[in-house]
Each structure stands twice: as structure tokens, then as C-alpha cells.
2 protein chains.
Amino acid sequence: MTKVKAASTNFANKTALAEECPEVYAANIIGGQWALVICSWLINGKLRFSELKKRLPNISERMLTLQLRKLEEDQMVTRTVYAEVPPRVEYELTPIGYELKPIIQQLEKWGEKHKQLKDATDPF
Amino acid sequence: MTKVKAASTNFANKTALAEECPEVYAANIIGGQWALVICSWLINGKLRFSELKKRLPNISERMLTLQLRKLEEDQMVTRTVYAEVPPRVEYELTPIGYELKPIIQQLEKWGEKHKQLKDATDPF
DNA sequence: CAGTATCCCATTCGATACTG
DNA sequence: CAGTATCGAATGGGATACTG
């Protein structure tokens, strides 16, 4: 008998915790690998898929698509498809997303400062 | 011949990008699954390992250890070991970590508000 | 242009057992 | 108390090919 595996307790737990804990909730949304960076570009206005991709040179198309879908699901961005040829899709922050603007800007400032401090401390 | 595998290009890319991009840098530090939540507890003062664990009921000891080590490496927290029996280890934010305090607090407020909006919108 | 689908290796992470 | 070590399952994420 090789043991019965516990299924995805993890997901259930995290969801349950998010119900009660705003930081966990926030972390689930902006804590992804790319969410914060994508939002930091979108706070300056709507962008097309290809424009985002240009600004995120290290992301694969697949990842960009997945992350945008997740942000959409989390009601952070809206996705607008224009029935044109060639097709055009624009992404824009929702009002909820725009409310992150001051936070993201502070985080950028913090990141810049911290980065310098660390670079200075850590010559490697 | 089965193809030569690309090694960890991913890590190199992200590191290179972080050099130039404060949001990527910030996301790498506070964007983890638990970093933000851990910091949100530590902004109220130092805590022991077991106290953190109590406040993060869904995290495994292994994960808590790994995340704290990463935060230490990122110079976000200090780890102080007291040579006592039983052993005691305290974690505290560094000055750089404490600078996140207003940001974390805003993020909490945002999370709370957003959560309610989403709960109201999404009856599921 | 803006994706979707599939394949598959790499990393993450929980469970469990053990230690100073 | 505060970890470390190890092992599999689950997930992440790149490469590539294809589509409306």
C-alpha cells in the first residue's frame, strides 16, 4: 500500500486564508512573477499585447497571456478586442487596478533605493 | 540525440532585468508567495520563529524557513540566534524592510476594499 | 497581430523523519 | 525550539508549432 495522496489541500487552504487576510489576498494578486511589472506599465495608460511584450523583453508570449488572463480574472485589467484586421487587443487597468498607482510608485522608489544600497553593500 | 537543454537562462535573464528595473527588483523580493505576509507581521515588531508560524497557519515549517532565509539574503530581515536552551531565534525587519511599512499598510487597505468589491461582484 | 495547444524539463513545495 | 534532509507530487514555464 503506497499511501493515498492528499489532493490539492494547498489551494483550498490558500483560498480560505485569503478570505480573512487582506495581505494574503493582495499577495495572491500582485505577488505573481509578472503582475506587478505588468501593472507598473499599465498605470500609464492602456497598452496593446505587442506593446506590453516589447516592454517585457524577458517574458514569453505564453506567460504574458497567462498573466494577463489572471489579472483579468482578478478584475485588475480589462481586455478589449477590436474586430479589425490585423486584430488589436488593448489592456487597461480597472479602477481597482488604478488604485494601486500610488502604491506601485512608492514601491518603485523603494526598489530603486534598496537596489542601490544592496549594490553598494554587496560588491558581487 | 535528444537535444541539449538550455540550462537556467531564466535566472540569468531575471537577474539582468532586475539590474535595470526597480519594479522587477521589488517583485523579486516581495513578490514571493509569503514574503509580503511575513513582512506584514514583522512591521509590528520582532517575532520568533514559532510566533510567525502561529500567525501563518498554512505555511509549512520548511517554507517558513526558506522564505525567511530569502528575506535575510535580500536584506529585508535580520536573524538573531540566542544561545539558550531551549533555543530562541528572533526575526526583525531591517531599516530597509521597515521602509515598506506604509506601502504594506496601503496594500492591506487596498486588499480589504478590493476583496469586498470582488465578493460582492462574484457571488460564487 | 494575438493568441492557443502540446510537449517536457526544472523548480517548488508539502509530508515526513531526524537533530543540536 | 528551531531547524535540516530527503523524497515524490504538483506546478511553472520555455520551445515549438499552429490558428482566426
Side-chain angles (χ1 to χ4, degrees), chain A residues 1-17 24 27-28 31-35 37-38 46-72 77-92, chain B residues 1-17 24 27-28 31-35 37-38 46-72 77-92:
Chain A
M1 162 118 95
T2 49
K3 179 154 62 176
V4 182
K5 235 219 9 176
S8 180
T9 46
N10 182 27
F11 178 73
N13 286 342
K14 281 198 303 203
T15 302
L17 192 58
V24 176
N28 281 338
Q33 187 56 240
W34 294 103
V37 191
I38 291 172
K46 58 176 78 163
L47 287 174
R48 307 179 52 169
F49 185 84
S50 55
E51 292 171 326
L52 275 169
K53 190 166 149 46
K54 239 174 289 175
R55 286 163 175 75
L56 272 25
N58 288 299
I59 199 171
S60 63
E61 285 194 6
R62 182 182 124 94
M63 265 303 102
L64 182 53
T65 301
L66 290 177
Q67 292 296 315
L68 285 169
R69 290 290 185 281
K70 180 171 185 303
L71 286 170
E72 210 188 335
V77 310
T78 55
R79 178 174 181 269
T80 311
V81 183
Y82 295 89
E84 304 173 354
V85 175
R88 179 164 54 105
V89 180
E90 285 183 344
Y91 294 91
E92 184 173 17
Chain B
M1 163 117 96
T2 49
K3 178 150 70 176
V4 181
K5 234 221 4 174
S8 181
T9 46
N10 182 28
F11 177 73
N13 286 340
K14 282 199 303 203
T15 303
L17 192 58
V24 176
N28 281 338
Q33 188 55 240
W34 293 104
V37 191
I38 292 173
K46 59 177 77 163
L47 287 174
R48 307 179 51 169
F49 185 84
S50 55
E51 292 171 327
L52 274 170
K53 191 166 149 44
K54 239 174 290 176
R55 286 163 174 75
L56 271 25
N58 288 298
I59 200 171
S60 62
E61 285 193 8
R62 183 183 124 94
M63 266 302 102
L64 182 53
T65 301
L66 291 176
Q67 292 295 315
L68 285 169
R69 290 291 186 282
K70 180 170 184 303
L71 286 171
E72 209 188 338
V77 309
T78 56
R79 177 172 182 269
T80 312
V81 183
Y82 296 87
E84 306 173 353
V85 174
R88 178 165 54 107
V89 180
E90 284 184 344
Y91 294 92
E92 184 173 18

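Order of the sequence lines sets the chain letters (A, B, ...), proteins ahead of strands, with each chain counted from 1.
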- Who is the Watson-Crick or G-U wobble partner of dA15(C), with both distances under 3.5 Å?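 In the structure as shown, dA15(C) has dT6(D) as its Watson-Crick or wobble partner.
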
- Go ahead and name the base partner of dG20(D); Watson-Crick or wobble counts if both distances stay under 3.5 Å, otherwise write none.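 Base-paired to dC1(C).
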
- Relative to the 5' end of DNA chain D, which residue comes earlier, Arg79(B) or Arg62(B), by the nucleotide with the nearest heavy atom?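 Per heavy-atom nearest nucleotide, the more 5' residue is Arg79(B).
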
- Message: I want to confirm an ordering. Mapping Tyr91(B) and Ile59(A) to their closest nucleotides on DNA chain D, which one lands closer to the 5' end?
- Response: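 With Tyr91(B) and Ile59(A) compared, the 5'-side residue is Tyr91(B).
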
Give the rounded distance in Å between these two atoms: [atom1] of [X] and [atom2] of [N].
X        : N       : atom1 : atom2 : value
Lys70(B) : dT11(C) : NZ    : P     : 16 Å
Leu64(A) : dG3(C)  : CG    : P     : 8 Å
Leu52(A) : dC1(C)  : CG    : C1'   : 14 Å
Glu90(B) : dC1(D)  : CD    : C1'   : 13 Å
Glu51(B) : dG3(D)  : CD    : C1'   : 16 Å
Arg69(A) : dG13(D) : CZ    : P     : 17 Å
Glu72(B) : dA2(D)  : CD    : P     : 15 Å
Met63(B) : dT11(C) : CE    : P     : 15 Å

- Query: When you measure from the side chain of Thr65(B), which nucleotide among dG3(C), dG3(D), dA2(D) comes out closest?
  - Reply: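 Of dG3(C), dG3(D), dA2(D), dG3(D) is nearest to the side chain of Thr65(B).
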
- Between dT4(D), dG13(D), dT4(C), which one does the side chain of Gln33(A) approach most closely?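 Nearest nucleotide to the side chain: dG13(D).
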
- Query: Any idea which heavy atoms bring Lys70(A) and Asn28(A) closest together, and the distance?
  - Reply: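 Reported closest heavy-atom pair: NZ-O, 2.8 Å.
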
- Heavy-atom pair with the smallest gap, counting every atom of Val37(B) and Val24(A):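 Val37(B) and Val24(A) have their closest heavy atoms at CG2-CG2, 3.9 Å.
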
[X] side chain N/O closer than 4.0 Å to the phosphate oxygens (OP1, OP2) of [N]?
X        : N       : answer
Ser50(A) : dA2(C)  : yes
Arg48(A) : dC1(C)  : no
Ser60(A) : dG13(D) : no

- Pick base, sugar-phosphate or nothing for Glu61(A), based on heavy-atom distances below 4.0 Å to the nucleic acid.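 If one applies the 4.0 Å heavy-atom cut-off, Glu61(A) turns out to touch a base.
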
- Applying the side chain to side chain contact (heavy atoms under 4.5 Å, CB included) test to Gln67(A), which of Leu52(A), Leu56(A), Ile38(A) qualifies?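 Going through Leu52(A), Leu56(A), Ile38(A) one by one, the side chain to side chain contact (heavy atoms under 4.5 Å, CB included) with Gln67(A) is satisfied by Ile38(A) alone.
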
